[in-house]
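Heads up: the structure comes next, in C-alpha cells.
Convention: sequence-line order gives letters A, B, ...; per-chain numbering from 1.
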Protein chains: 4
Amino acid sequence: MSAIRRTARRADIIDAAYRCMAQHGYERSTTAQICKVAGVSSGTFFHYFPTKAAVLGAVLEDGLQRTREVFERIRDTAARDAVAALDQWREHVLDEASDENLAGFIAVLGAVPDNAEVAAALRAEAQLTREVLTELVAAGQEQGTIRTDRTPDRIGTWLGILARGVLEHAAEEGPVVRDTLGPEMTDMLIRLLRP
Amino acid sequence: MSAIRRTARRADIIDAAYRCMAQHGYERSTTAQICKVAGVSSGTFFHYFPTKAAVLGAVLEDGLQRTREVFERIRDTAARDAVAALDQWREHVLDEASDENLAGFIAVLGAVPDNAEVAAALRAEAQLTREVLTELVAAGQEQGTIRTDRTPDRIGTWLGILARGVLEHAAEEGPVVRDTLGPEMTDMLIRLLRP
Amino acid sequence: MSAIRRTARRADIIDAAYRCMAQHGYERSTTAQICKVAGVSSGTFFHYFPTKAAVLGAVLEDGLQRTREVFERIRDTAARDAVAALDQWREHVLDEASDENLAGFIAVLGAVPDNAEVAAALRAEAQLTREVLTELVAAGQEQGTIRTDRTPDRIGTWLGILARGVLEHAAEEGPVVRDTLGPEMTDMLIRLLRP
Amino acid sequence: MSAIRRTARRADIIDAAYRCMAQHGYERSTTAQICKVAGVSSGTFFHYFPTKAAVLGAVLEDGLQRTREVFERIRDTAARDAVAALDQWREHVLDEASDENLAGFIAVLGAVPDNAEVAAALRAEAQLTREVLTELVAAGQEQGTIRTDRTPDRIGTWLGILARGVLEHAAEEGPVVRDTLGPEMTDMLIRLLRP
DNA sequence: CATGAATGAGTATTCATTCAT
DNA sequence: AATGAATGAATACTCATTCAT
C-alpha cells in the first residue's frame, strides 16, 4: 500500500477523533465511535495508534504544528511591526474561537488522560504561546508602541489569559460573532497595551 | 434519623464529589471513589442521589448558592459605588482562582454529562454572572466612573471573558500567585473601563 | 449478606476456575466461561477477584492448603516410621494422579501468567514438598530403613521427580489405573531406597 | 525461488516458533512475535502455514524426526547390548533436560490447541517412545541383564514416567546440573532394573 | 436509613487471519 | 513469492445502578 494512502488513513482517524472529542469530550468518545466516523475498523484504529490516548496526542501534535506555522509568521512580523503582529495574533485567536470544533475541543483538555505524549504536546503549546507573546511584547516595547511599565513576560501572560477567556467564551456561547468580538478586542488591546 | 444527620450525609457526598471531580474530572471520578472519600457505602450514595450526574448537579447548585450570596453583596455595593463593587468582584475572581480545587473543577465543566439539572445550574450561573456584571457596569456608567462608548452588556461580557481567562490560567498554572495577579488585574480593569 | 454465603460464592468461583483450567488450560479458560460454570455474573467474578490470574492464585492457594494438611500428617508419621510415611506419601501421589481434574490442572502450570501471587504459591508448594520429602528420608536413614549413601536432599529430589513423572503420565493417559500403578510404585520405592 | 530458499524460510519460522513457544507457551506466543523472530512478514507466515496451530504441528513433527533418529540408534544397540542402549537413552534424556528451550517447550504441551496434526504428532512420539523402551527392556530380559518379574511393557512405562519426571524437573529448576543428575540416574536404573 | 453483594451493558485492546498490491 | 495494511470477533475488566438483608 502506498505511503500516501497510509498517511490518509492516519489523517482520517485523527480527524475523526478530533471531531468526536470536540463534541463529546475525551472519555465519552469511544474508539468504536471514532472508528465509525473515520470509516475504519477497530483493528485499523489500533494498527495506527497503540491507545486511544495516543490519538489525542496526535491530534494535539497536529494542532501544535499548525500553531507553529501561524506563530512563525507572527514572529516575523513582530520584528518589523509589533502592532501588526498583534493584529495577526488577534485574527488567529478569533479564527480559533470561530471554529466550532476547536472551541469545543479546548474544553476537552480540562480532563486529559494520564499520558506522557498528551502532556508533552500541551506543555509545548503553552510554552510556544508564552514565548512568542513575550517576544512580541518585547519588540513592541522597543518600537515604542507598547507600554514599558511591565515586563514583556507579564504582559504576554495577560494576553494569554485574554485568549483563553475568548476561547472559553466561544465554547460556551457557540460560534462567536466575529464582527462583534473583533473590533471590541482591538479596542481592548489598544487600551491595555498603549504606553 | 434526624434531619441534621441526613443533611450532613448529603453534604459529605457533595463535598467528596466536588473534590474528586476537581482532581480527576467527571468521568474519571467513579461513584466508588466518591463513596470512599465521603465515607459512605454505594447504597447510601444512591439513596441520596438517583444518579452520578445528580451529584454533579448538587455540587453546581451548591456553588451557585455561594455565588448568589457573593453577587448579592456586589450588587448592593454597585448601587452606591461601582468601582468598589468592581474591586469586590475582582477579589471574588481571585478567591476562586486561588482555590485549588475550584480551579480544577472549572476544567471539568468542559465535558459535562447530558443532564438537565446540570445544564440548568450552569445556565443559571452564567445568567447570574452576566446580569450582575451588566448591572454593575450600568451603575458605573451612571456614576461617571466607567466609559460609556459601549453598552453595559458588551462591557460585562468582556469582564466575564477576563474572569474565565484568569480561572483557566489558574487551573493550568497551579495555585495562582495572588500578589502578582491582583495588582495587575486592577491595572487592567482601570485601563479597560475608564471613560 | 452473610459471611457464609460470601465464602460460598468465592468457593464456587474458585472451583469453577479449577475445573475450567484443568480442562482447557489457563489462557483458553475465559472469564465468561468460568462465570457460566460458577453461575455468577462477570461483575460478581471481579467483585471477588481483581484479575483472572488472581483466581488461579486462589486455586493454587487452596491446593497448597490441602497439601499442607496431608504433608503435616506424613511428617508426623515419619518421625516414628519413615516407611509408613513413605506409603502415605505414595497414596497421596496416587490420589492426585487419580483425580482427573487435578492431573489435567498440573499441565496448566507449564504456562502460567506473570503473576506474583501465582509464582509465590507455586514456589511455596515446591518448597514444602522438598522439605517434607527431605525430612522423611532423613528420618528413614536414622531409623535404618533407607539407604545412607546419598544425602536426604538428593534422594528427596528423586522422589519428587518420580511423583512429577507419575502425575504427567496420568495427565496424558487419563485416569490412571491405581491397581496397577500402586503396587509397582511400592516395588520401585523399595528398590530405590533400601539400604 | 529455489526449493532451498523455500525450505530455509519454512525452517526459520519453525525455529522461531519453537523458541517463542518454549519461552512463553503456545497461547502467549503471538504470530506477530514469531514473525519478528523469524524475520518474515505475517503474509509470509501464513503462506507457509495455514494456521498458528500448524506451526506447532511442524515443530512437533521436526522433534519427532529427531527422536526417530536417536531411537533408531538405541534400537540397534539394544539388539546387541540392552545395558549400553539404556545408557544411550539416559544420555538422550539428559540431553533433552539440559536443552533449556526444550525443557520449557515440554511445559507448553500441557495446554495444546485442538488440532488434529498436533494431537497426531504427540501420539506418534508417545507411541514411538513406548515401543522402543518396551523393545529395549525385552532385549535386556533376553540378555539376562534386566529383571524378568514384570512385563517389558510395564517396565518400559516406568522408564517413560522417570523420563517425564526428569524433564519436568529440569523445566522447573532451570538448566539441570548434568554432572549430578547423570550418575544418580545410572544408579537408579541399576537398582530398578537389575534382575 | 444503611450496607455491600450482585448485576450486565459497555469499553479498550489483542490477535489470528485475509488479501490487494 | 513476499509484504503489511485491514479486518472483526473475542476478551479481560470497569462501573453505574439495584436490591435483599
From CZ of F45(C) across to C1' of dT11(F) the rounded distance in Å is 12 Å

Starting at CZ of F46(A) and ending at P of dT14(E), how long is that distance when rounded to a whole Å? 7 Å

Run the salt-bridge test on D114(D) and R28(C) with the 4.0 Å N-O cut-off and return the result as yes or no. yes

Please compare G39(C) and S42(A) by the position of their nearest nucleotide in DNA chain E and report the one closer to 5'. G39(C)

Exam field: side chain T44(B) to backbone V40(B), donor-acceptor pair closer than 3.5 Å: no

Terminal helix-axis angle for the helix from dA2(E)-dT21(F) to dT21(E)-dA2(F), with five pairs defining each axis and rounding to 10 degrees: 0°

Less than 4.0 angstrom between a side-chain N/O of T44(B) and OP1 or OP2 of dT3(E), yes or no? yes

Integer-rounded Å distance: dT17(F) P and H47(C) NE2: 18 Å

What pair of heavy atoms forms the shortest contact from V55(D) to I14(D), and how long is it? CG1-CA, 4.4 Å

Please report, rounded to the nearest Å, how far the C1' atom of dT18(F) is from the NZ atom of K52(B). 17 Å

Is it true that a side-chain atom of Y18(C) and a backbone atom of L102(C) form a donor plus acceptor pair closer than 3.5 Å? yes

Expected output is a numbered-order residue list: members of residues 22-38 of chain C with a heavy atom under 4.0 Å from any atom of DNA chain E. What is it? none

Specify the closest pair of heavy atoms between R19(D) and D15(D), including all atoms of both residues, with the distance to one decimal. NH1-OD2, 2.6 Å

Using heavy-atom distances to pick each residue's nearest nucleotide on DNA chain E, tell me which of G43(A) and G43(D) is more 5'. G43(A)

Taking L56(A)'s backbone N and O only, do any of them form a donor-acceptor pair with Y26(A)'s side chain (distance below 3.5 Å, no angle check)? no

Would you say S29(B)'s side chain and H24(B)'s backbone share a donor-acceptor pair under 3.5 angstrom? no

Under the 3.5 angstrom rule, does the side chain of Y48(B) hit a backbone N or O of A11(B) as a donor-acceptor pair? no

Starting at CE of M21(B) and ending at C1' of dC15(F), how long is that distance when rounded to a whole Å? 13 Å

Distance under 6.0 Å and angle within 45° of the ring axis: does K52(C) meet both against F45(C)? no

Could you tell me whether the phosphate oxygens of dA2(F), OP1 or OP2, come under 4.0 Å of any side-chain nitrogen or oxygen in R9(D)? yes

Take atom OH of Y48(B) and atom C1' of dA2(E), then tell me their distance rounded to the nearest Å. 9 Å

Rounding to a whole Å, what distance do you find between D12(C):CG and dA6(E):P? 10 Å

